[in-house]
Amino acid sequence: MTDSSSSALIAAALRTEVGGLRAGARLPSTRALTARFAASPVTVQQAVRMLVREGLVESRPGDGTFVRPARPAPRADHSWQTAALGPARADGGFVGSTMQTPGDDVIALHSGYPVDDLLPVRAVQTALARAARSRSALDRPPAAGLPELRSWFAADLAAAAPAGGSAPTAADVLVMPGGQSALSSVFRALARPGDPIVMESPGYWGAIAAARQAGLVIVPVPRDGDAVDPVVLAEAFERTRARLFYAMPHFANPTGSTWSAASSRAILDVVRSNGAFLVEDDWAHDFALDAPVRPLAASDPDGHVVAVRSLTKSVSPSIRVAAVVARGPARSRIHTDRVVDGLYVSGVLQTAALEVVTAPGWQPHLHRMRDQLRARRDALAALVTELLPAGTLTALPRGGLNLWLQLPPGVESPAFVAACAAAGVLISPGEEWFPAEPTGAFVRLNYSGPDPSRFEEAVRTMARLLP
């Protein structure tokens, strides 16, 4: 053993000993330590110097070595930032409860990401390992994304295009680092601070936060059943002169509702007649359980629909890969924003994502995942219907990951959510999903989280906490 390794072992032993001594206590002399550790004086002195450098002890020439008093943590002064930052934005973005990390033994019905049991874990791990050994680990990918991945996104969307339609091509696709970043880029690129943006209400909290962060003024329009009323939407466009309408036509988050084919045509007609863009958030494309997904972007040759499609939820939370499909100058502006904001998406992640979704096992995985999600949805919905007051479940969604519940009269959502959390059940408060004042007391339950065997325990806890 070298002197340096011996001194490190002696220092470790002394460090433990010093931890149990009061400040000012004297350490044994070098001679005593030399005898105790059967080491040379030089080795012992090296160990003591390590503790001196760490601030644990101090040497006083002629007196010995003593335990130093614990240094109080320095008090940081951040007061200067108050003047530097100025007033906080009243309408700034926020982080929703779905991003909360649950503790141990908590029933998590709040998150928006499926657990490992529902994901192609082995395929993702293999693809990442292979990508890390390829040129994608070293080369800078094209700013718009890998051509093969853009072609896959375009082909996947074209499969839903009507016969004789003008399906998007790879040239219309931009690869993004996740759906949330894609929404932020679209909002920044297609609107200026202070511009209005029309949004379904309730709607995705992340889109609400991104729009506010971009300085846009949100104009909420209520869902009338499964979709917004085209007449109300037209009035909102006419009143505000908005040029953006953000919506989730399929399996909306949080309500789970889906536009009918007739509603889709009528809404798109309103968007076109107002010379506006529909930002179509196709977040649940892979989670169609009882109804097909027919993206509006698949039949929009004039570029009124800007589609956002993410792989993060269906492949892996670590594969932050999404696509924006846009045509004409809108695509150019979104591309510029993406490059300025982040240059490009990791080639390793793009390569891994492409391998997963083009592998022979991808479609069988989707079928298995949908079967599991359908069983989870039905089990949780049945428990809600059985154990909670009548009318609590607003509807049984035909896809997606969530149930939208309306609480009984007199129950306040924030207090109920807090009580559930204290009892070990995490759910999402409805207030986060409204761009303006909520129209009632709602909560959202996610059925893709861990341990569905505890669904009954969770719903019984909720029932016990209701008046």
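Side chains included, hydrogens not; waters and symmetry mates left out as well; all remaining heavy atoms used.
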Engineer: Compare every heavy atom of Ala352 with every heavy atom of Ala131, then report the nearest pair and how far apart it is.
Structural biologist: CB-N, 4.1 Å
Engineer: May I have the step-by-step check of side chain to side chain contact (heavy atoms under 4.5 Å, CB included) for Arg338 and Tyr344, ending in yes or no?
Structural biologist: CA-CA 7 Å; Arg338 178 67 257 146; Tyr344 52 84; over 6 Å; no
Engineer: Are Pro467 and Val411 packed together at the side-chain level, in the sense that at least one heavy-atom pair is separated by less than 4.5 angstrom?
Structural biologist: yes
Engineer: Counting neighbours of CZ on Arg243 that are heavy atoms of other residues, nucleotides or ligands and sit closer than 6.0 Å, is the number greater than 12?
Structural biologist: yes
Engineer: Checking Asn274 side chain against Val270 main chain: does a donor-acceptor pair fall under 3.5 Å?
Structural biologist: yes
Engineer: What do you reckon, is CD of Glu148 surrounded by more than 12 foreign heavy atoms closer than 6.0 Å?
Structural biologist: yes
Engineer: State, with a plain yes or no, whether a side-chain heavy atom of Ser136 is found less than 4.5 Å away from one of Gln350.
Structural biologist: no
Engineer: Less than 4.5 Å apart, any side-chain heavy atom of Leu466 and any of Pro389?
Structural biologist: yes
Engineer: With a 3.5 Å cut-off and no angle check, do the side chains of Trp433 and Ser428 form a donor-acceptor pair?
Structural biologist: yes
Engineer: Take Ile334 and Met176 through the side chain to side chain contact (heavy atoms under 4.5 Å, CB included) test and state the conclusion after the steps.
Structural biologist: CA-CA 10 Å; Ile334 297 168; Met176 298 280 181; 3.5 Å; yes
Engineer: Can you name the closest pair of heavy atoms from Ile208 and Pro435 and give their distance?
Structural biologist: CD1-N, 3.7 Å
Engineer: Under 4.0 Å between a Lys/Arg side-chain N and an Asp/Glu carboxylate O for Asp226 and Arg398?
Structural biologist: no
Engineer: At their closest point, which heavy atom of Ala211 faces which heavy atom of Met199, and how far apart are they?
Structural biologist: CB-CE, 3.7 Å
Engineer: In Å, rounded to the nearest 0.5 Å, how long is the span from CG of Leu383 to CZ of Arg460?
Structural biologist: 8.0 Å
Engineer: Taking atom CZ of Arg265 and atom CG of Leu296, what is their separation to the nearest 0.5 Å?
Structural biologist: 10.5 Å
Engineer: Return yes if some donor-acceptor pair links the side-chain N/O of Asp172 with the main-chain N/O of Arg327 below 3.5 Å, else return no.
Structural biologist: no
Engineer: Under a plain distance cut-off of 3.5 Å, with no hydrogens placed, do Ser184 and Gln213 share a side-chain donor-acceptor pair?
Structural biologist: no
Engineer: Nearest 0.5 Å, please: how far is CE in Met248 from CZ in Phe251?
Structural biologist: 12.5 Å
Engineer: Would you name the heavy atoms of Trp362 and Pro120 that are closest together and state the gap between them?
Structural biologist: CZ3-CG, 4.1 Å
Engineer: How far apart are the closest heavy atoms of Ala423 and Arg464, and which atoms are they?
Structural biologist: CB-NH2, 4.2 Å
Engineer: Return the orientation label for the Phe442 and Trp404 ring planes: parallel under 30°, perpendicular over 60°, tilted otherwise.
Structural biologist: parallel
Engineer: Is any side-chain heavy atom of Val325 closer than 4.5 Å to a side-chain heavy atom of Arg309?
Structural biologist: no
Engineer: Less than 4.0 angstrom from a charged side-chain N to a carboxylate O is my criterion; do Asp117 and Arg368 meet it?
Structural biologist: no
Engineer: Can you measure from CG (Leu380) to CD (Glu456) and round to the nearest 0.5 angstrom?
Structural biologist: 11.5 Å
Engineer: Does some side-chain heavy atom of Arg376 sit less than 4.5 Å from a side-chain heavy atom of Leu118?
Structural biologist: yes
Engineer: To the nearest 0.5 Å, what is the distance between CZ (Phe455) and CG (Leu387)?
Structural biologist: 13.5 Å
Engineer: Would you check if the side chain of Ser181 reaches a backbone N or O of Gly178 as a donor-acceptor pair within less than 3.5 Å?
Structural biologist: no
Engineer: Does CZ belonging to Arg15 count more than 12 external heavy atoms closer than 6.0 Å?
Structural biologist: yes
Engineer: Between CH2 of Trp152 and CG of Asp156, what distance do you get to the nearest 0.5 Å?
Structural biologist: 4.0 Å
Engineer: Should we say atom CD of Glu54 is surrounded by more than 12 heavy atoms from elsewhere, each under 6.0 Å from it?
Structural biologist: yes
Engineer: Can you list the steps and then say if Phe277 with Val186 is a side chain to side chain contact (heavy atoms under 4.5 Å, CB included)?
Structural biologist: CA-CA 10 Å; Phe277 294 97; Val186 170; over 6 Å; no
Engineer: Is there a donor-acceptor pair closer than 3.5 Å between any side-chain N or O of Arg320 and the backbone N or O of Val345?
Structural biologist: no
Engineer: Are Arg377 and Asp290 close enough, and set up right, to give a side chain to side chain contact (heavy atoms under 4.5 Å, CB included), and what steps lead you there?
Structural biologist: CA-CA 11 Å; Arg377 177 203 62 185; Asp290 299 326; 2.7 Å; yes
Engineer: Which of these passes side-chain contact (heavy atoms from CB on, under 4.5 Å) with Pro397: Asn402, Leu289, Thr258, Leu403?
Structural biologist: Leu403
Engineer: Side-chain contact test, heavy atoms from C-beta onward, threshold under 4.5 Å: evaluate it for Val443 versus Ser413 and give yes or no.
Structural biologist: yes
Engineer: Given 3.5 Å as the limit, does a donor-acceptor pair link the side chain of Thr312 with the main chain of Ile319, or not?
Structural biologist: yes
Engineer: Salt bridge between Asp300 and Arg272, side-chain N to carboxylate O under 4.0 Å?
Structural biologist: yes
Engineer: Quick one: do Lys313 and Asp286 make a salt bridge, cutoff under 4.0 Å?
Structural biologist: no
Engineer: Once the angle between the rings of Phe187 and Tyr246 is folded into 0 to 90°, is it parallel (under 30°), tilted (30 to 60°) or perpendicular (over 60°)?
Structural biologist: perpendicular
Engineer: With side chains defined as the heavy atoms from C-beta onward, is the minimum distance between Arg223 and Trp259 less than 4.5 Å?
Structural biologist: yes
Engineer: Kindly indicate whether the side chain of Leu445, heavy atoms from C-beta on, has any atom under 4.5 Å from the side chain of Met462.
Structural biologist: yes
Engineer: So does Arg294 get a backbone contact from the side chain of His250, meaning a donor-acceptor N/O pair under 3.5 Å?
Structural biologist: yes
Engineer: Does any N or O in the side chain of His304 come within less than 3.5 Å of the main-chain N or O of Ala276, such that one atom is a donor and the other an acceptor?
Structural biologist: yes
Engineer: What is the minimum heavy-atom distance between Arg331 and Val173, and which atoms define it?
Structural biologist: NH2-O, 3.8 Å
